Amino acid sequence: MVPEDEGKYIMNTYGRQVGKTPYLVRGSGTRVYDDEGKEYLDFVGGLAVNALGHCHPAVVQAAKDQLDKLIHTSNLYYTEPQVELARSLVDNTGAAKAFFCNSGAEANEAAIKIARKYAKAKGNVERYEIITATDSFHGRTMATLTATGQEKFHKGYEPLLPGFRYGVFNDLESFLAQAGENTCAVMIEPVQGEGGVHVATQDFIHGLRRLCDEQGLLLIFDEVQCGLGRTGNLLAADYFGVQADIFTLAKALGGGLPIGAMLCTENVASTFSPGDHASTFGGNPVVCAAALAVLNEILKKDFLSEVERRGNYLREGLLALQGRFPGLVKDVRGLGLILGMELTGDGLAVQRNCAEAGLLINCIAGRILRFLPPLNVNQTDIDTALAILEEGLEK
Ligand SMILES: Cc1ncc(COP(=O)(O)O)c(C=O)c1O
């Protein structure tokens, strides 16, 4: 039994589903079930967290095994799962070292802090500004909120943190115009998620790398949403063939358990000394054991090429729906299995129609439908989702 006056106890901070919000009680693979036994095909995927679907057996087993051994220890000591996870991330990404925390915002906080400290350690005491992009999303803490280039998230929280400037996403000239003697870094999402599913252009990404190299700035990629296989590459950076100086991960990494990671080059990592940054729960052994299981699955042969193939299949289906509803569907975009469908009409109504018919999708800004299915979703599930979406659009 669940309480009926949930709003009395839970703070009202989430735009929950219009109409009756389901109480989800169980999940398996691509499906979740509510307290009345109704089944949903889950294309929200915990907002890019459930990359292997719900309760993936390898993740569950790894967490269970670790629960029996050691649940938590202070970061004053090493644990095997944490070191193994760091090793695997480093070996597979070209980074030199990892710092673990508990969420995407915290990973970005760590990136912002190390970028500022790096500039100061190099003797550039006035270099503290970070240029981020319009329509970006980097988190809800004061620093990451300020880094987020969307005014709607700033309102009511002023004064914001000093030291952030905004360039227009995919407009290199506007980033060049913002760069000055106080700049220490540029931070972007290679594929913007919350801002409406916008993919960076090759020219933009390579131009930012050049800008950073020429002006001695650090390039930070926020891969919290688009990293870890979502684009059909381990990192979105791999798709562009560019190495960032710092990048951040979270969401998919823990297979549903909370973890964030900030990774960087040796040069940057050596900026931090004991006491410079910390997190009580960061790198918790149970979560790291689960994360290692996630990473091992993603790194299996053909996993990433399959994500690309499935992403193309879903995108083709969405494009076909655009052809069928040209007045309603304005755009279909994205990369791999982070896809968006921009509507001219009420996206929340489509989201509701789909939920009633057993498909969970997410609607951003009232008119952009975002699809973040598990990376191991199969073709039959994609066909089912497309059929329900077609009905939802028709309605
Ligand atoms: C790109 C990006 N960065 C950072 C965050 C913040 O992550 P968290 O909610 O885990 O703090 C998000 C969350 O949606 C995100 O999409």
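Because the structure is predicted, anything quoted here is derived from the model rather than measured. Scope of the values below: all heavy atoms of this structure, side chains included, with no hydrogens, waters or symmetry mates. Just follow the structure's listing: the first ligand is 1, and inside any ligand the first atom is 1.
Residue contact annotation: Asp222 has a non-hydrogen atom under 4.0 Å from ligand 1.
The nearest protein atom to atom 11 (O) of ligand 1, hydrogens excluded, is given as Ala105 N, 2.8 Å; this is a heavy-atom distance. Annotation: atom 2 (C) of ligand 1 to nearest protein heavy atom, Phe137 O, 3.3 Å.
In the vicinity of Asn108, heavy-atom distances shorter than 4.0 Å reach the ligand 1 atoms 3 (N), 4 (C). Heavy-atom contacts of Ser103 reach the following atoms of ligand 1: 10 (O), 11 (O) (cutoff under 4.0 Å). Within ligand 1, counting atoms from 1 as listed, the ones closer than 4.0 Å to a heavy atom of Glu189 are 1 (C).
With Glu194, Lys251, His138 as candidates, the residue nearest to atom 4 (C) of ligand 1 on a non-hydrogen basis is His138. For the residues Ala48, Gly104, Pro190, Ala147, the heavy atom positioned nearest atom 10 (O) of ligand 1 is part of Gly104.
Arg127 and Gly216 get closest at one heavy-atom pair: NH1-O, 3.8 Å. Scanning all heavy atoms of the two residues, the minimum distance from Val268 to Tyr118 falls at CA-CD1, 3.9 Å.
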Practice prompt. Run the numbers on Asp381 and Arg31 for salt bridge (Lys or Arg N to Asp or Glu O under 4.0 Å), then give the verdict.
Written response: CA-CA 10 Å; Asp381 285 342; Arg31 302 297 203 279; 2.9 Å; yes

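Geometrically, Arg116 does not engage Tyr128 in a cation-pi contact defined by less than 6.0 Å to the ring centre and at most 45° from the axis.
Using a 4.5 Å cut-off between side-chain heavy atoms of Ile, Leu, Val, Met, Phe, Trp and Tyr, with links allowed through other members, Ile188 and Val242 fall into the same hydrophobic cluster.
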